[in-house]
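Read the structure below first, then the notes.
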Amino acid sequence: MDVLAAMGVFVRVAELGSLSAAGRDLKLSQPAVSQKVSALEQHLGVRLVNRTTRQLALTEAGRTYYARAKPVLAAVDEAAELVAGAGRPLTGHLRIQAPTGFGQMYLADIAIAFQLEHPGLTFELMLDDRYVDLTEQAVDLALRFGTLRSSGLIARRLGTLRRILVAAPAYLARHGAPDTPEQLSTHRQVRFSGAAVDDTMPLTGPAGSLLVPVQTSFLANNTFVLTKALVAGLGLGGAQLPQIRAELAAGQLVQIMPDYQYAPLDVHAVYPTAHFVPAKVRLFVEHLRRALSEII
């Protein structure tokens with residue numbers, strides 16, 4: 001039995017909580033995953049996993065073995081990369097998670113260019129506006145905007161996104177253009193549904209931060225949808241500058257109250273804490289940093 005291979009399968013089962021999920025992740029059938037875990041249990045002489053028809057749970061021995069096995073697998077990968085040297089072609093699977101709108105508009109082309117440079121690498125781009133658990137979803141790297149939650153992740157700052165106040169000319173023709181924060185209270189806003197605030201607009205201006213009451217007319221958890229709503233004249237709102245450059249250039253949106261903006265968003269590349277960061281992750285972060293420097 002290949003103990004390291006079986007150990008790797010068990011670690012994915014432990015992280016995903018399912019034989020079938022681990023099989024999909026590892027491109028193995030569920031029976032093959034079950035066979036490898038059973039063989040590992042027989043080799044160790046202990047039960048690692050309690051299985052029922054509905055759920056799977058690690059035993060106490062399984063939890064202990066998982067905690068020790070994960071750094072062992074990382075050390076094996078690190079040793080292989082050190083011996084092979086910097087010129088070794090990238091291989092394996094690279095799974096990246098990012099917000100949907102920014103991912104579709106910019107990250108897709110960045111990822112495609114990287115994969116073309118490294119054809120031995122299988123690239124998977126997961127676009128989701130929710131925060132996902134990187135370990136549970138086997139994500140190698142995530143792109144995150146704004147203040148990072150304290151989650152024990154390694155983070156590298158890649159730049160800052162400006163967010164400006166915009167509206168469609170048709171909306172301004174109907175409702176007038178606000179000149180002061182106080183005038184915003186008579187307007188309707190289009191906003192991200194996952195924002196921490198409700199019917200308010202958090203702005204920064206010459207005197208600092210302020211929170212302006214505004215009626216909400218349209219919410220969505222996707223930036224493409226929000227841009228469509230703004231262009232349609234459903235309200236005014238904040239938008240990430242890189243994602244609305246085309247609409248600004250075409251006159252579909254115009255900036256309003258330029259002295260007041262949403263607080264800029266820091267852009268970070270984050271990845272699970274580990275002593276060893278694979279070359280595929282390190283090199284993609286550098287590739288991403290260079291590409292984003294021309295966008296944001």
Side-chain angles (χ1 to χ4, degrees), residues 1-81 90-98 100 103 111 114-115 118 120-144 151-154 269-282 284:
M1 180 189 68
D2 187 335
V3 176
L4 279 177
M7 185 185 295
V9 171
F10 166 73
V11 165
R12 292 309 296 138
V13 169
E15 291 173 342
L16 297 177
S18 163
L19 296 174
S20 57
R24 289 191 297 271
D25 181 67
L26 297 169
K27 306 297 188 294
L28 295 172
S29 67
Q30 181 175 332
V33 171
S34 180
Q35 183 180 23
K36 287 184 180 297
V37 172
S38 296
L40 183 62
E41 290 176 325
Q42 186 175 0
H43 172 75
L44 296 171
V46 296
R47 179 173 290 279
L48 300 173
V49 177
N50 285 323
R51 310 167 182 80
T52 69
T53 56
R54 292 182 175 271
Q55 63 182 8
L56 177 150
L58 297 183
T59 63
E60 182 177 353
R63 291 191 294 271
T64 300
Y65 190 73
Y66 168 75
R68 298 298 180 90
K70 192 166 178 69
V72 168
L73 293 172
V76 170
D77 288 340
E78 181 179 20
E81 286 196 0
L90 295 185
T91 59
H93 192 72
L94 182 59
R95 180 174 288 176
I96 308 296
Q97 187 267 337
T100 305
F114 187 76
Q115 205 278 335
H118 304 281
L121 193 66
T122 304
F123 203 104
E124 181 178 356
L125 187 56
M126 302 168 56
L127 300 183
D128 195 326
D129 289 307
R130 300 171 301 165
Y131 269 57
V132 301
D133 186 301
L134 303 192
T135 300
E136 180 180 320
Q137 298 297 322
V139 172
D140 297 296
L141 178 75
L143 191 64
R144 294 195 171 160
S151 57
L153 299 174
I154 298 173
V270 300
Y271 38 95
T273 300
H275 170 69
F276 167 62
V277 180
K280 61 184 181 181
V281 174
R282 296 196 311 270
F284 182 74

Decide yes or no for [X] and [Y]: does some side-chain heavy atom of the first lie under 4.5 Å from some side-chain heavy atom of the second?
X      : Y      : result
Thr122 : Glu124 : no
Ile154 : Val270 : no
Tyr66  : Val13  : no
Leu121 : Phe114 : yes

Can you tell me how far apart [atom1] ([X]) and [atom2] ([Y]) are? Round to the nearest 0.5 Å.
X      : Y      : atom1 : atom2 : value
Leu94  : His118 : CG    : NE2   : 10.0 Å
Leu141 : Arg282 : CG    : CZ    : 13.0 Å
Arg144 : Tyr131 : CZ    : OH    : 5.5 Å
Ser38  : His43  : OG    : NE2   : 14.5 Å
Phe123 : Ile96  : CZ    : CD1   : 4.5 Å

Contact summary for [X] and [Y], nearest pair of heavy atoms:
X      : Y      : answer
Ser18  : Ala21  : OG-N, 3.1 Å
Leu58  : Ala14  : CD1-CB, 3.8 Å
Asp140 : Pro272 : O-CD, 3.8 Å
Met7   : Val72  : SD-CG1, 4.1 Å
Phe10  : Gly62  : CZ-O, 3.5 Å
Leu4   : Leu73  : O-CD2, 3.9 Å

Subject >> Donor-acceptor pair between Thr59 and Asn50 side chains, under 3.5 angstrom >> reply: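 There is no such pair (donor and acceptor under 3.5 Å, judged by atom type) between the side chains of Thr59 and Asn50.
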
Original post:
Within the distance-only criterion (no hydrogens, no angle test), does the side chain of Glu41 pair as donor or acceptor with the backbone N or O of Leu48 below 3.5 angstrom?
Top reply: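 Here the side-chain-to-backbone pair exists.
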
**OP:** Would you confirm whether Gln97, through its side chain, and Asp128, through its main-chain N or O, come within 3.5 Å as a donor-acceptor pair?
**Re:**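 Yes, the answer is positive, given that a donor and an acceptor are paired below the 3.5 Å cut-off.
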
Original post:
Counting only heavy atoms not in Gln35, do more than 12 sit closer than 6.0 Å to its CD atom?
Top reply: no

Original post:
Under the salt bridge (Lys or Arg N to Asp or Glu O under 4.0 Å) rule, what pairs show up with a residue in residues 22-31, not counting sequence neighbours?
Top reply: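 Qualifying pairs: Arg12-Asp25, Asp25-Arg95.
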
Original post:
Which residues satisfy the side-chain contact (heavy atoms from CB on, under 4.5 Å) test with Leu28, sequence neighbours excluded?
Top reply: Val9, Leu26, Ala32, Val33, Lys36

